[in-house]
> 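Please find one structure pasted underneath; my questions will follow.
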Amino acid sequence: MAITFDASKKIFKLDTVSTSYAFAVHSEGYLLHLYYGAYLPDNNLLSMLDRGMFASFSPDNPNCIASGFSPDVQPSEYSVNGTGDFRVSALQICNRNGDISTDVRYVSHRILAEKPALCGLPSLRDENGDSETLEVTTRDSVTGAVVKLYYTVYSDLPVMTRSAVIENDSDAVMELERVYSTCLELPTMDYDMVHLYGKWFKERTVTERPLCHGIQSIASKRGSSSHNHNPFVALKKHGSSEESGEVYGVNLVYSGNFAIDIEVDGFNTTRLIAGINPTDFTWRLEPGESFTAPEAVMVYTDKGVGEMSRIFHRTYRKHLIKSPWRDIERPVLINSWEAAYFDFDDDKLVAFAHEAAKMGVDMLVMDDGWFGHRNLDDSSLGDWYVNETKLKGGLAKLIDRVNAEGLKFGIWYEPEMISPDSDLYRAHPDWCLHVRGRENSPARMQYVLDMSRKDVRDNIFEQMCSVLQNNKIDYVKWDFNRNITEAGSALLPPERQKEIMHRFVLGTYELMDRFVKAFPDILFENCSGGGGRFDPGMLYYSPQIWCSDNTDAIERLTIQFGTSMCYPVSTFGAHVAARPRTPLSTRANVAMCGTFGYELDPRKLTEEEKAQVREQIQDYRKYNRLVREGDLYRLIAPTDDAFRCAWEFVSPDKNEAMLTSVVMRMPETMFYVQRLRGLDPEKLYTDTDTGEVYSGALLMNAGVNLTRAVYQDGESVVKHFVAK
Ligand code: GLA
């Protein structure tokens, strides 16, 4: 059984195929963490709690003086504030008296043969009963705060999820000031913290630094997970690498303000907490109400950072992404944005479709600029009706014409936004987030709708439905193009204004949920000024997310490598653009590591380029299953090497592999041998281009000589191998 409770020792043990996680119920009811790491057959772990001598400054529990116990030094399953644990708290509640002391103790537990959904929040799913969930209930006997901790393990993957539900079992209001989702304790500090930083046009660059004493954090308070930090951290044991060594990965299924804090204390132990950012947050919990914290996904492996990523990828492909498109080859699309920006009409779009069809493209996506009177980014968000001056004869007619060219049709929306210059704003100026008496700060000349309001969501839903229901639309790009400022809601009383950032995210999730249920066949792609909201919360609703507005193939390498830390490449919106720094072939080879499509004016391609595009699309169809379902091996990271970047996909049965190598800058030497990974050493693989046959052992140990294949700036090569 995956989850066990040893009643004699009062130890919970949660096992996966290759990991174990254990914690104990202390005689006084505290939940104390014992272990997370490689699989253990037994549970003789209580000695882990002996932390040696500590000072009289560390508070005792009155019932266990002299037993060597203090909340100050013990590893906690869910750290609370104000009662002896001075490290970062997962939970802080302002109680009826205004104090912020909480002390929760074990009450009961249940082991469930299923994975309960999280109220109002996206979360991983169970498929065919392949998971078990532990629910542990704890309670503060003074305040009536009930904390339920949820842990799920899967039978087929070394992954676990955690979340927490706080209930108010008292007759007074409580104010939740911090509610994190998980608390991970490690007995040492010899780890590097790996995370993804960036900005617009340069998202998710991998960076790492050794842990040091004190608190180190990443966070967003921009209203979305953001371009700047991703809700992901890995703790990599010193000396671990891409291919070997211990790594813990934590990723939060949340699209709003998050924080991941890591504290190293004077005992050189490490505590990581991940959850909703407590800055700008307080939640009033009325008697009888409950609050659900988002889910955290945790991976442990002793096989390096690459294996951690592959575990996340398999997990998200199987248990997170819901869309029926998850396992299907996605249409090759051509998007109008970089081809035309706002300067298009029906005839131009049909001309795009006409040229694109000849090259084998499947779908035309009409990006921003088709609605209201939007000819620039300064108006009309919220007015989701067709601009018939641009699209003469209306949308249905345009779609008919595009369909007649043999292409499907997709459309762009930015549902959470409102332009001050819009009919919607003129009719409902209080529908945007705003603070009484203060002027809103525009960003991209737009404001943010108050998604916490049902009337607002209903209006947007109805407007969009009337377009989606009455037209043959196969794809929706859902954009979100600014950060949130002046975060206030006209409907919330003053004491609830600090709930708005979370309520906004809940509202967005509710609206997305309505759409995916109402239009199950539509392919949704998320976007936020490129990849400003690339997180598991969004992946729950859409199987792909536009990775970045930066479509330069060399820049994309860093962005896509960073994104692959925890997100599967089948989710990366990646297109070939008219950015001639690299040859067209390299732009396609890089976009092939993603959903694949084009972001250019097809009429401007030369005949030779059109022939190349035709071939690229055939290659996409040939390789897509391998890219979508295969295991990714990052061979040379663009942040580790000044000259080259290389990666490889291997099919789950190891019968097929594809290697891509790109020259970022002309290397010192032409000589270049690339070793592969993840193959079966015993199998014989044929290079489908040359017909040469190599053993897997040879390809992994001697490698493939690419000396004459890639040398000049921006060049790239793809090698495809099939087992006999
Ligand atoms: C964002 C997206 C782009 C495009 C524009 C349209 O920046 O990332 O792809 O859709 O919005 O305004």
> Which heavy-atom pair separates Gly630 from Pro652 by the least distance, and what is that distance?
CA-CD, 4.2 Å
> Evaluate the ring planes of Tyr154 and His319, with Trp represented by its six-membered ring, and classify them as parallel (under 30°), tilted (30 to 60°) or perpendicular (over 60°).
tilted
> Going by an N to O cut-off under 4.0 Å, is there a salt bridge joining Asp72 and Arg87?
no
> Please determine whether a side-chain nitrogen of the Lys or Arg among Arg271 and Asp265 lies less than 4.0 Å from a carboxylate oxygen of the Asp or Glu.
no
> Between the side chains of Arg96 and Asp171, is the shortest nitrogen-to-carboxylate-oxygen separation below 4.0 Å, so that they form an ion pair?
yes
> Is there a donor-acceptor contact under 3.5 Å from the side chain of Thr315 to the main chain of Ile311?
yes
> Hey, what do you get for CD1 (Ile500) to CG (Leu492), rounding to the nearest 0.5 Å?
5.0 Å
> Taking the basic N atoms (NZ, or NE/NH1/NH2) and the acidic carboxylate oxygens, is any pair closer than 4.0 Å for Arg162 and Glu77?
yes
> Return the orientation label for the Tyr106 and Phe12 ring planes: parallel under 30°, perpendicular over 60°, tilted otherwise.
tilted
> Ring centres under 6.0 Å, that's the criterion: do His195 and Phe232 meet it?
no
> Does the pair Glu286/Arg496 count as a salt bridge with the N-to-O cut at 4.0 Å?
yes
> How long is the span from the OG atom in Ser141 to the CG atom in Asp169, to the nearest 0.5 Å?
11.5 Å
> Pick from Glu648, Glu307, Glu243: which one makes a salt bridge (Lys or Arg N to Asp or Glu O under 4.0 Å) with Arg677?
Glu243
> Can you check side chain to side chain donor-acceptor pair (under 3.5 Å) on Ser89 and Ser79, steps first, answer last?
CA-CA 5 Å; Ser89 316; Ser79 53; 5.3 Å; no
> What distance do Ile166 atom CD1 and Ile93 atom CD1 have between them, rounded to the nearest 0.5 Å?
6.0 Å
> List the steps and the verdict of side chain to side chain donor-acceptor pair (under 3.5 Å) for Tyr567 and Asn251.
CA-CA 10 Å; Tyr567 307 108; Asn251 193 199; 3.3 Å; yes
> Does the side chain of Thr269 come within less than 4.5 Å of Thr188's, by heavy atoms?
no
> Taking all heavy atoms of Ser58 and all of Val73, pick out the closest pair and write down the distance.
OG-CG1, 4.3 Å
> Return the CD to OG1 distance between Glu495 and Thr282, rounded to the nearest 0.5 Å.
11.5 Å
> Checking Asn230 side chain against Phe534 main chain: does a donor-acceptor pair fall under 3.5 Å?
yes
> Any donor-acceptor pair under 3.5 Å linking the side-chain atoms of Ser564 with those of Ser309?
no
> Which atom names give the shortest non-hydrogen contact between Pro536 and Leu320, and what distance separates them?
O-CD2, 3.5 Å
> Angle between ring planes, His502 versus Tyr254, binned at 30° and 60°: parallel, tilted or perpendicular?
tilted
> Taking side chain to side chain donor-acceptor pair (under 3.5 Å) as the criterion, tell me which of Glu175, Glu177, Arg178 meets it with Gln92.
Glu177
> How far apart are the closest heavy atoms of Pro231 and Ile260, and which atoms are they?
C-CD1, 3.7 Å
> Check the orientation of Tyr21 and Phe23. Use parallel for under 30°, tilted for 30 to 60°, and perpendicular for over 60°.
perpendicular
> Is a side-chain N or O of Asn128 found less than 3.5 angstrom from the main chain of Asp130, in a donor-acceptor match?
no
> Check whether any side-chain N or O of Glu289 sits under 3.5 Å from a backbone N or O of Asn168 as a donor-acceptor pair, and report yes or no.
no
> Evaluate the side-chain proximity of Val233 to Met193: yes if any heavy-atom separation is below 4.5 Å, no if none is.
yes
> Out of curiosity, Leu539 CG to Arg317 CZ, how far, rounded to the nearest 0.5 Å?
12.0 Å
> Is Asp140 reaching over with its side chain to a backbone N or O of Asp103, donor-acceptor style, under 3.5 angstrom?
yes
> For atom NZ of Lys221, decide whether the heavy atoms of other residues, nucleotides or ligands shown that lie under 6.0 angstrom number more than 12.
no
> Report yes if some heavy atom in the side chain of Asn257 is under 4.5 Å from a heavy atom in the side chain of Thr279; otherwise report no.
no
> Closest approach of Arg204 and Thr563, non-hydrogen atoms and distance?
NE-OG1, 2.8 Å
> Would you tabulate the side-chain donor-acceptor contacts of residues 297-304 under 3.5 Å, counting partners in other chains and residues two or more places apart, or write 'none'?
unit_1, atom_1, unit_2, atom_2, d
Tyr300, OH, Glu246, OE2, 2.5
Thr301, OG1, Lys303, N, 2.9

> Below 4.0 angstrom, N of the basic side chain to O of the carboxylate: do Asp192 and Lys237 qualify?
no
> Are any of the side-chain nitrogens in Asp15 or Lys13 under 4.0 Å away from the carboxylate oxygens of its partner?
yes
> Report yes if the side chains of Ile262 and Leu235 come closer than 4.5 Å at any heavy-atom pair, otherwise no.
yes
> Quick check: does any side chain N or O of Asn95 sit under 3.5 Å from a backbone N or O of Met174, one acting as donor and the other as acceptor?
no
> Counting only N and O atoms by type, is there a donor-acceptor contact under 3.5 Å from the side chain of Tyr248 to the main-chain atoms of Tyr36?
yes
> Before giving the answer on side chain to side chain donor-acceptor pair (under 3.5 Å), spell out for Thr102 and Asn81 the whole-Å C-alpha distance, their side-chain angles and the decisive distance to 0.1 Å.
CA-CA 6 Å; Thr102 299; Asn81 195 66; over 6 Å; no
> Does Phe281 reach the side chain of Asn277, with side-chain heavy atoms less than 4.5 Å apart?
no
> Where do Pro59 and Phe86 come nearest, in terms of heavy atoms and distance?
CD-CE1, 3.6 Å
> Does any donor atom in the side chain of His26 or Asn61 lie under 3.5 Å from an acceptor atom in the other side chain?
no
> Can you measure from OG1 (Thr270) to CD (Glu263) and round to the nearest 0.5 angstrom?
9.5 Å
> Under 3.5 Å, is there a donor-acceptor pair between the side chain of Arg110 and the main chain of Val136?
no
> Examine the side chains of Tyr35 and Asn43 and answer whether a donor and an acceptor come within less than 3.5 Å of each other.
no
> I would like to know whether Leu149 and His109 meet side-chain contact (heavy atoms from CB on, under 4.5 Å); could you show each step before the answer?
CA-CA 9 Å; Leu149 299 180; His109 74 270; over 6 Å; no
> Indicate whether the side chain of Tyr509 and that of Ser255 have a donor and an acceptor atom separated by less than 3.5 Å.
yes
> Is there a donor-acceptor pair closer than 3.5 Å between any side-chain N or O of Arg634 and the backbone N or O of Glu242?
no
> Could you walk me through whether Glu295 and Lys115 pass salt bridge (charged side-chain N to carboxylate O under 4.0 Å, His left out), step by step?
CA-CA 12 Å; Glu295 183 162 272; Lys115 185 166 191 308; 2.6 Å; yes
> Keeping to residues at least two apart or across chains, list the salt bridge (Lys or Arg N to Asp or Glu O under 4.0 Å) pairs with something in residues 55-65.
none
> Taking His227 for the side chain and Ser528 for the main chain, is one N or O donor matched with an acceptor at less than 3.5 Å?
yes
> Could you tell me whether the side chain of Phe291 reaches within less than 4.5 Å of the side chain of Arg284, counting heavy atoms only?
no
> Would you indicate whether the side-chain heavy atoms of Tyr150 and Thr133 approach each other to under 4.5 Å?
yes
> Between Val17 and Asp156, is there a side-chain heavy-atom distance shorter than 4.5 Å?
no
